[in-house]
Amino acid sequence: MSADALLAPIRDHVTGLGFELVDLKRTGTLQRPILQVRVDRPDSRPGQGVTADDCAAISRSLERFLETRAMVGPRYVLEVSSPGFERPLRWPEHWRRFIGRDARVRAKSLPGRSRVRIVAVPDDEHVIVRRDDGTDLTLAFEAIREATLVADVEVFGKRR
């Protein structure tokens with residue numbers, strides 16, 4: 001089963017456990033697929049996100065869920081992890097949550113992996129970003145190949 005077909009059921013399951021699905025990738029081979037699941041707490045802040053114990057519990061729950069529904073073959077690898085400091089931006093709600101933050105984006109209309117500031121998300125199809133030269137650019141989500149937050153070193157270095 002493709003990652004796209006698994007996306008909605010896995011996202012719903014993770015949400016039901018009280019977490020947010022940040023990213024889902026299917027790699028590996030047909031005989032031995034690898035499902036990479038990144039999760040976070042919906043209200044996470046630096047240093048207060050998902051823990052290793054959370055990942056283990058989510059992994060056990062997802063294994064039961066996938067196996068009882070025969071959604072993947074018997075020989076698969078499930079990897080559940082936190083999104084990390086430079087978390088992926090995959091869906092409109094991720095972009096909305098991080099308005100005002102910097103991101104690295106690969107898109108058809110940007111050179112390489114460009115650093116931009118997230119300005120607005122006017123609808124579920126587009127994001128407005130600001131380039132280093134101060135100009136705003138509207139990107140269609142479907143034109144974005146990859147996007148991650150830029151780690152805010154100042155926030156991670158502060159003690160609370």
As a quick check of understanding, evaluate side-chain contact (heavy atoms from CB on, under 4.5 Å) for Arg96 and Asp124, giving each step before the final call. CA-CA 10 Å; Arg96 281 187 189 98; Asp124 285 347; 2.7 Å; yes

Report the C-alpha separation of Trp91 and Val22 in whole Å, then their side-chain angles, then the decisive distance to 0.1 Å, and conclude whether the side-chain contact (heavy atoms from CB on, under 4.5 Å) test is met. CA-CA 8 Å; Trp91 297 293; Val22 174; 5.6 Å; no

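When each of Leu6, Val80, Val77 is checked for a side chain to side chain contact (heavy atoms under 4.5 Å, CB included) with Leu35, only Leu6 meets the rule. Exactly one of Arg90, Arg104, Arg113, Arg106 qualifies for a side-chain hydrogen bond (donor to acceptor under 3.5 Å, both in side chains) with Thr148. That residue is Arg113. None of Leu149, Asp23, Val50 except one satisfies the side chain to side chain contact (heavy atoms under 4.5 Å, CB included) rule with Pro83; the exception is Val50.
With contacts defined as side-chain heavy-atom distances shorter than 4.5 Å, the pair Ile10/Leu66 qualifies. Using a 4.5 Å heavy-atom cutoff, the side chains of Glu79 and Arg38 are not in contact. At a threshold of 4.5 Å between non-hydrogen side-chain atoms, the residues Val127 and Ile144 count as touching. Counting heavy atoms from C-beta on, the side chains of Val37 and Leu62 come closer than 4.5 Å. Put simply, the side chain of Lys108 does not reach to within 4.5 Å of the side chain of Glu142, judged on heavy atoms. Using a 4.5 Å heavy-atom cutoff, the side chains of Arg131 and Leu110 are in contact. Counting heavy atoms from C-beta outward, Val105 and Ser114 have side chains that stay 4.5 Å or more apart.
Between Val129 and Trp95, the shortest heavy-atom contact is CG1-CZ3, 4.5 Å. Among all heavy-atom pairs drawn from Ser109 and Leu139, the shortest one is OG-CD2, 3.1 Å. Of all heavy-atom pairs spanning Pro33 and Arg26, the tightest one is CB-NH2, 3.1 Å. Here the closest heavy-atom approach between residue Phe98 and residue Leu89 is recorded as CD1-CD2, 3.8 Å. Shown here for Pro42 and Gly18, the closest heavy-atom pair between the two residues is CD-O, 3.5 Å. Here the closest non-hydrogen pair linking Val121 and Ile99 is N-CD1, 4.2 Å.
Between Glu20 atom CD and Arg41 atom CZ the span is 12.0 Å, to the nearest 0.5 Å. In this structure, the separation between CG on Asp136 and CD1 on Ile128 is 7.0 Å, given to the nearest 0.5 Å. Rounding to the nearest 0.5 Å gives a distance of 12.5 Å between CG of Asp54 and OG of Ser81. Annotation: the span from Ile34 atom CD1 to Thr29 atom OG1 amounts to 7.5 Å, rounded to 0.5 Å. Taking CD from Gln36 and CG from Leu78, the interatomic distance works out to 10.0 Å, rounded to the nearest 0.5 Å.
Side-chain polar atoms of Tyr76 and Glu63 form no donor-acceptor pair below 3.5 angstrom. For Arg87 and Ser82, the side-chain atoms include no donor-acceptor pair closer than 3.5 Å. In this model, no donor atom of one side chain and acceptor atom of the other lie less than 3.5 Å apart for Asp53 and Thr51.
A salt bridge is defined here as a Lys NZ or Arg NE, NH1 or NH2 lying under 4.0 Å from an Asp or Glu carboxylate O, and Asp102 with Arg130 fails to meet this definition. Taking a cutoff of 4.0 Å between a charged side-chain nitrogen and a carboxylate oxygen, Arg117 and Asp132 do not qualify as a salt bridge.
A single hydrophobic cluster is not seen to contain both Leu137 and Val150; linkage of ILVMFWY side chains at heavy-atom distances under 4.5 Å, directly or through other members, places them apart.
Proximity of a side-chain donor or acceptor of Thr68 to a complementary backbone N or O of Arg64 within less than 3.5 Å is detected.
Using cut-offs of 30° and 60° for the angle between ring planes, the Phe65 and His13 rings count as parallel.
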